[in-house]
Amino acid sequence: MTNEGVKLPRVTNRKIADIFNEIADLLDIDGDNPFKVRAYRNAARTILGYPREMADLVEEGFDLTTLRGIGKELAKKITEIVRTGKLVYLEKLKKTHPPQLEELLKIPGLGPGRVRLLHELLRINSLEDLENALREGKLKKVPGFGPKLIAKIENGIQTRRYEAHRFKLSEALPVAEWIVKILKKTKGAIHVEIAGSLRRRKETVHDIDLVAACEEINDTMVYFLNLPKIQKIVMKGTTRSTILLENGMSVDLRVVSTESFGATLHHFTGSKAHNITLRKMAVEKGMKINEYGIWQGKKRIGGDKEEDIYNLFGMQYIEPEMRENRGEIALAQDHQLPTLITRADIKGDLHIHTTYSDGLASIEEMALQAKRLGYEYIAITDHTEHLKVAHGMDEKRARKQLEEIDVLNEKLDGITILKAAEIDILEDGSLDMPDSILEALDLTVCSVHTRFNLSLRKQTERILKAMENPHFTILAHPTGRLIGLREPYDIDMEAVMRQAKARGCILELNAQPDRLDLNDIHSKMAKEMGIRIAISTDAHSLNDLELMRYGIWQARRGWIEKADVINTLPLTALQKLFREMKG
DNA sequence: GCCGTTTTCGGCCCGACTGTTTTCAGTCG
């Protein structure tokens, strides 16, 4: 095999963004030009959201200043970080600041202004200093620090780990839906909707944002503040309140009049970067967008519906999942937005486990459940021998399964069971199943389950080699990450995608809420490279089959359309595709 | 520090809520 495209460990976009955010924190504490601070944060966001690695762009001599929010200075800094692994400017800044000062910014109630004040007046340089000062009652002497703020800071120190926690989409969404259902029944409530990153279906969310349109006389806010399972009321107002639930989730509710609902929903759906871009565009037209509507001078000219905002610029409506300022606004202006995939486009599920390995239901039960969901086909993909913990199948049991599938296909109407397996990619890149079985399968779903800690080079070579196997169909959960639990393993995703493109392999978007792998950025990248994906649930039980919606949402965040996804194909077309892939 | 049919200066999204103060700065989203 060839090593072409496999690179040595390199600076990731995450690292560059972290450096820029750290600079922003330090400048902020210094009281430097707030717009300069914002420029660093904007650039960090642009870099994090960019589908390609800055390291590669630098290598290719790409002009970084063409990226939004990256000018001459920041392009130079990115290049320096990529080339040297560090940034002299940050090193210098760090020298003039106590090393743990930024930690203080994470305490609720402490922003750059107050951190600066504490540093200057009380020489507080760390969390420890802050705790000592609190104990000694020194904070009372600082102007602007009253009893309530001090209590908030004390409280914040204790719970800061809790506050920093992010929740998976699948954890937050049911809670939000539960609250929406309650609030919709309150007197005077006309609309109640989920907003924020939850509405954009981000894989993890920091809190739950809700927006309600109510009549002037309503008891929506009162009910909100009296929901069961409230740990504490963080903030209470007539139009806006925040509660903290017992499970640690923070929930915001905004109550507005019906005529403002569209503007408010849009405002609190975000993303921030998306909204800022639209607001700037409004300003250029001599108008203003705020959370209450669209304004020309003092005159309100729209905002009842979200569509008003997009109509203002003659652009297409942008679905919440796309509102990340990753180029969607320009596309909407040109009326070139993709038609995002929907759950209804899905005709089958290509990653399903049964009792043959670590699944909980039989092949037949899974097939019948899939039929109830309206599918035409499923692929049964039990684990292979190497994966002992999942009771992987040896050759004998694999053969038995194939026979059972033949029998079931004879017996069942309206659903077709495809023969497959989730085949371990071994450390040397070989597939954990003899060719004699591979040949009998309609497709293979291949994945890494061991040796997650190989070097970037070895892990990438392992996968590239596996893809050379003519029986390789789909690369399952391509980065192996478990959200909040396990980092993705080190692979050169661009090299993997180039190989997938060259070999005609499919990449999976695994719909398990703790995987969602490919992520949004990788999905978009695959689409741009012309690689098709399979959105699959990796179901281990009957209920798991309904996780498809999480995969669909992630795909929509990656701008994926029906045509990009192979399991939107009708059965005959899909079978034809698999036959062609086998050559 | 970025950006540009108001291009190389002078803008930069915008408002609610809190706490502390008495008119506002800081924080937050």
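Because only heavy atoms are used, hydrogens play no part in the values below, and waters and symmetry mates are left out as well, while side chains stay in. Every value quoted in this text rests on a predicted model; they were computed, and no experiment measured them. Chain A is the first sequence line, chain B the second, and so forth, proteins listed ahead of strands; every chain is numbered from 1.
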Roughly how many Å apart are [M] and [N], using the [atom1] atom of each and rounding to a whole number?
N	M	atom1	value
B/dC2	B/dT8	C1'	12 Å
B/dT6	B/dC12	P	15 Å
B/dT21	B/dG26	P	13 Å
B/dT23	B/dT18	C1'	15 Å
B/dC17	B/dG11	P	30 Å
B/dG1	B/dT5	C1'	24 Å

Calculate the interatomic distance between [X] atom [atom1] and [N] atom [atom2]; express it in whole Å.
X	N	atom1	atom2	answer
A/N33	B/dG10	CG	C1'	11 Å
A/I289	B/dG15	CD1	P	12 Å
A/K148	B/dG19	NZ	P	5 Å
A/I70	B/dG1	CD1	C1'	10 Å
A/I150	B/dG19	CD1	C1'	11 Å
A/D28	B/dG1	CG	C1'	14 Å
A/K280	B/dT5	NZ	P	13 Å
A/Y40	B/dC2	OH	C1'	11 Å

Q.
Can you see whether A/F268 has A/R254 sitting over its ring - NZ or CZ less than 6.0 Å from the centre and within 45° of the normal?
A.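 Checked: cation-pi criterion met.
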
Please determine whether a side-chain nitrogen or oxygen atom of [X] lies at a distance below 4.0 Å from atom OP1 or OP2 of [N].
X	N	result
A/Y292	B/dA16	yes
A/K77	B/dG1	yes
A/N290	B/dG15	yes

Using a 4.0 Å heavy-atom cut-off, does [X] contact any base of the nucleic acid, only the sugar-phosphate backbone, or nothing at all?
X	result
A/T239	sugar-phosphate
A/P143	nothing
A/L67	sugar-phosphate
A/L278	nothing

Go through B/dC2, B/dC14, B/dG19 for me and flag the one nearest to the A/A39 side chain.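 The answer is B/dC2.
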
Considering only heavy side-chain atoms of A/M235, the closest of B/dG1, B/dC17, B/dG19 is B/dC17

Side-chain ion pair, A/K202 and A/D520, N-O less than 4.0 Å = no

Salt-bridge criterion met for A/E528 and A/K524 (N-O under 4.0 Å):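 Yes, A/E528 and A/K524 are salt-bridged.
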
Discussion item. A/R200 and salt bridge (charged side-chain N to carboxylate O under 4.0 Å, His left out): which single residue from A/E321, A/E324, A/E319 fits?
Written reply: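 So the option named by the test is A/E324.
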
Any side-chain donor paired with an acceptor under 3.5 Å for A/H119 and A/N125?
yes

CD/A/E128: more than 12 non-hydrogen atoms of other groups inside 6.0 Å = no

Any residue of residues 306-325 of chain A with a heavy atom less than 4.0 Å from an atom of DNA chain B: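 Those residues whose heavy atoms fall under 4.0 Å from DNA chain B, taken from residues 306-325 of chain A, amount to none.
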
Indicate, with yes or no, if the rings of A/H266 and A/Y310 have centres closer together than 6.0 Å.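 Yes, the ring of A/H266 comes within the 6.0 Å limit of the ring of A/Y310, centre to centre.
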
Expected string for nucleotides 22-29 of chain B under the B/S/- scheme (protein heavy atoms, under 4.0 Å, primed atoms plus P, OP1, OP2 as sugar-phosphate) is ----SSSB

Across every strand shown, the nucleotide meeting Watson-Crick or G-U wobble geometry with B/dT8 (both distances under 3.5 Å) is none

_Under 3.5 Å donor-acceptor, A/D209 side chain and A/L198 backbone_ =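 Flag not set: sc A/D209 to bb A/L198 has no pair under 3.5 Å.
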
By nearest nucleotide on DNA chain B, pick out whichever of A/G144 and A/G237 is the more 5' one.
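Looking at DNA chain B, the more 5' nearest nucleotide goes with A/G237.
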
Notebook entry, point to check: Side chains of A/I124 and A/K138: does their closest heavy-atom pair fall under 4.5 Å?
Noted result: no

*Working for ring pair (Phe, Tyr, Trp, His ring centres under 6.0 Å), residues A/H206 and A/F167*: CA-CA 6 Å; A/H206 176 254; A/F167 294 91; 8.5 Å; no

Which of A/K72, A/K76, A/K77 passes side chain to side chain contact (heavy atoms under 4.5 Å, CB included) with A/L74? Answer is A/K77

